[in-house]
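Below, each value reflects all heavy atoms present in this structure, side chains not excepted, and no hydrogens, waters or symmetry copies. First the proteins, then the strands, lettered A, B, ... as listed; each starts at 1.
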Amino acid sequence: MPAPTDPAAKLAEYAHPERLVTTQWLADHLKDPGLVVVESDEDVLLYETGHIPGAVKVDWHTELQHPVIRDYLDGAGFAALMSAKGITRDTTVVLYGDKNNWWAAYTAWVFTLFGHPDVRLLDGGRGVWAAEGRELTTDVPAPAPVDYPVVERDDHTVRAFKAEVLAHLGHGPLVDIRSPQEYTGERIAIPDYPEEGVLRGGHIPTARSVPWATAVAEDGTYKTRAELDAIYTAGLGMSPDDDVITYCRIGERSSHTWFALTHLLGYTNVRNYDGSWTEWGNAVRVPIQQGTEPGTATGAAPQGMTA
Amino acid sequence: MTTAPTAELPAAFAELRDAFLEVPERDRLQLLLEVSYELPPLPARYADAPELLERVQECQSPVYAFTEVDDAGVVAFHATAPEEAPTTRGFASILAQGLTGLTAQEVLDLPDDLPLMFGLTKSVSLLRLNGMAGMLTRAKRQVREQLAARTV
């Protein structure tokens, strides 16, 4: 049985209000059976300094990613992970994390690859919970292992690979979630972050630049339905039935936008390209556009390449 | 992971390294957290004049650090990072404990791959370990600059 939907008025405006919860709702439902709170942070030690009572941790680096290949865990691995966290297929999972839920949204996206039915985000994440002076604890729960079925990862519905992005050029919108400097090619890493071994700067031709932070208010909560529609639907001329691909540097910031488009605005066909710029910017002979213009699907193709 | 040939590290760094390598891999993050709590507060002269510190661009969190060499040629490393960045604070604390008290030459002789020696390469992303390398690189440069200014 899924937990009830948070009736907050702001959430009711969204296409799928059941995908987001407010801090007050979570505080009221922390002890609900069938609900598990999961923290996923960029800083892999932040959970240990204190977390929402009862919350378990999912470490994106060691638990979601394959230890050798650039990929995610498989169906058996996911089932084992869920079992260890006390999550059954029927559990309502509420995710939250630092940096306004960058990594929590990424974890939500990975859970979606395995079709976990009820995955929600805490609006505003860890920052809002802490700013409101709500309880944090260092007590780490030790859930008893539960049964979770082995569900094969679906790599098609919400995930896009490089070849699919290439085929997509000229046929549908691309949204680049990185900073403006990364988009133009002036930088190859997030400002204030280390350069990370990308050989070329710029963006995928035709991609429109909407940095991820555009989607959130000052406190890190998602903007209202009307504001988000103005940014993505009106602002980019997209419509909810468009085939949309989002990307960023490694797919984590773009998960945050994937979540907004899919669950808050009701877009039905949004895929996240997790290879993102760290793959595209290193790939041989893929088209790249530099500067502020999106560019055209064919205009940026290298000479001799039949695009 | 096969460990690289053990470099001769100064005692404080060697002790820290051994402490990390002695615990199972899954417990090393917890140890890093404990070390992070030991990051000393900035001395008042820096706390009151943050412009004396240098931003460590390689770190994902706003980290400010400064290394000073006193008249006897002994080094002290000061750093500050936000509470919500415990991993970064842990790295800064390792450096504060390891660098402070060394001679300038001992600091310059430290291996540049020091951050890889604590057995954390699997539990912490390489990007973050780069942040610690960035702090060390800057510490060495600041030591070099202060030595150079002295010989003029």
Side-chain angles (χ1 to χ4, degrees), chain A residues 39-51 57-68 70 84 96-103 106 125-131 136 138 140 179 181 187-198 220 248-253 276-278, chain B residues 1 20 23-39 53-65 81-94 112 115-116 118-138:
Chain A
E39 176 160 345
S40 272
D41 295 314
E42 178 180 65
D43 190 303
V44 295
L45 270 179
L46 194 49
Y47 170 89
E48 282 76 4
T49 68
H51 49 264
K57 168 186 177 177
V58 168
D59 185 320
W60 59 274
H61 181 235
T62 57
E63 293 185 309
L64 296 180
Q65 297 188 339
H66 190 284
V68 178
R70 187 169 172 192
Y96 76 100
D98 62 354
K99 308 261 169 149
N100 307 338
N101 282 335
W102 273 13
W103 299 97
Y106 184 62
R126 185 185 168 98
V128 170
W129 182 276
L136 295 170
T138 53
V140 176
S179 63
Q181 298 93 323
R187 286 189 61 95
I188 50 178
I190 313 176
D192 300 338
Y193 275 56
E195 303 277 331
E196 203 181 3
V198 180
C248 58
R249 182 179 56 95
I250 57 171
E252 91 291 18
R253 283 172 287 175
S276 275
W277 198 256
T278 48
Chain B
M1 182 177 155
F20 274 96
V23 298
E25 198 151 20
R26 63 178 181 282
D27 295 334
R28 286 179 195 156
L29 276 183
Q30 191 60 37
L31 180 57
L32 185 63
L33 181 65
E34 285 161 25
V35 171
S36 80
Y37 292 138
E38 297 164 4
L39 178 65
L53 299 165
E54 182 174 324
R55 170 85 195 249
V56 182
Q57 300 291 348
E58 291 85 351
C59 285
Q60 295 179 18
S61 312
V63 178
Y64 294 87
E83 295 291 334
E84 64 270 20
T87 305
T88 306
R89 291 180 67 88
F91 291 155
S93 184
I94 288 176
D112 289 327
L116 303 179
F118 295 85
L120 292 165
T121 50
K122 280 186 192 162
S123 37
V124 179
S125 73
L126 211 52
L127 192 59
R128 288 205 160 264
L129 290 167
N130 283 347
M132 185 168 166
M135 286 189 238
L136 179 61
T137 304
R138 280 153 198 277

Chain B contact via A/Thr49 - side chain, backbone, both or neither, heavy atoms under 4.5 Å: both
Residues A/Glu42, B/Glu84; criterion side-chain contact (heavy atoms from CB on, under 4.5 Å); working and verdict: CA-CA 10 Å; A/Glu42 178 180 65; B/Glu84 64 270 20; over 6 Å; no
side-chain contact (heavy atoms from CB on, under 4.5 Å) assessment of A/His61 paired with B/Val124: CA-CA 7 Å; A/His61 181 235; B/Val124 179; 5.7 Å; no
Approximate separation, where rounding is to 0.5 Å, of B/Ser36 OG and A/Asp43 CG: 9.0 Å
Heavy-atom closest pair, residues A/Leu45 and B/Leu29: CD2-O, 3.2 Å
Identified side chain to side chain contact (heavy atoms under 4.5 Å, CB included) partner of A/Val44 from the options B/Leu32, B/Thr87, B/Leu33: B/Thr87
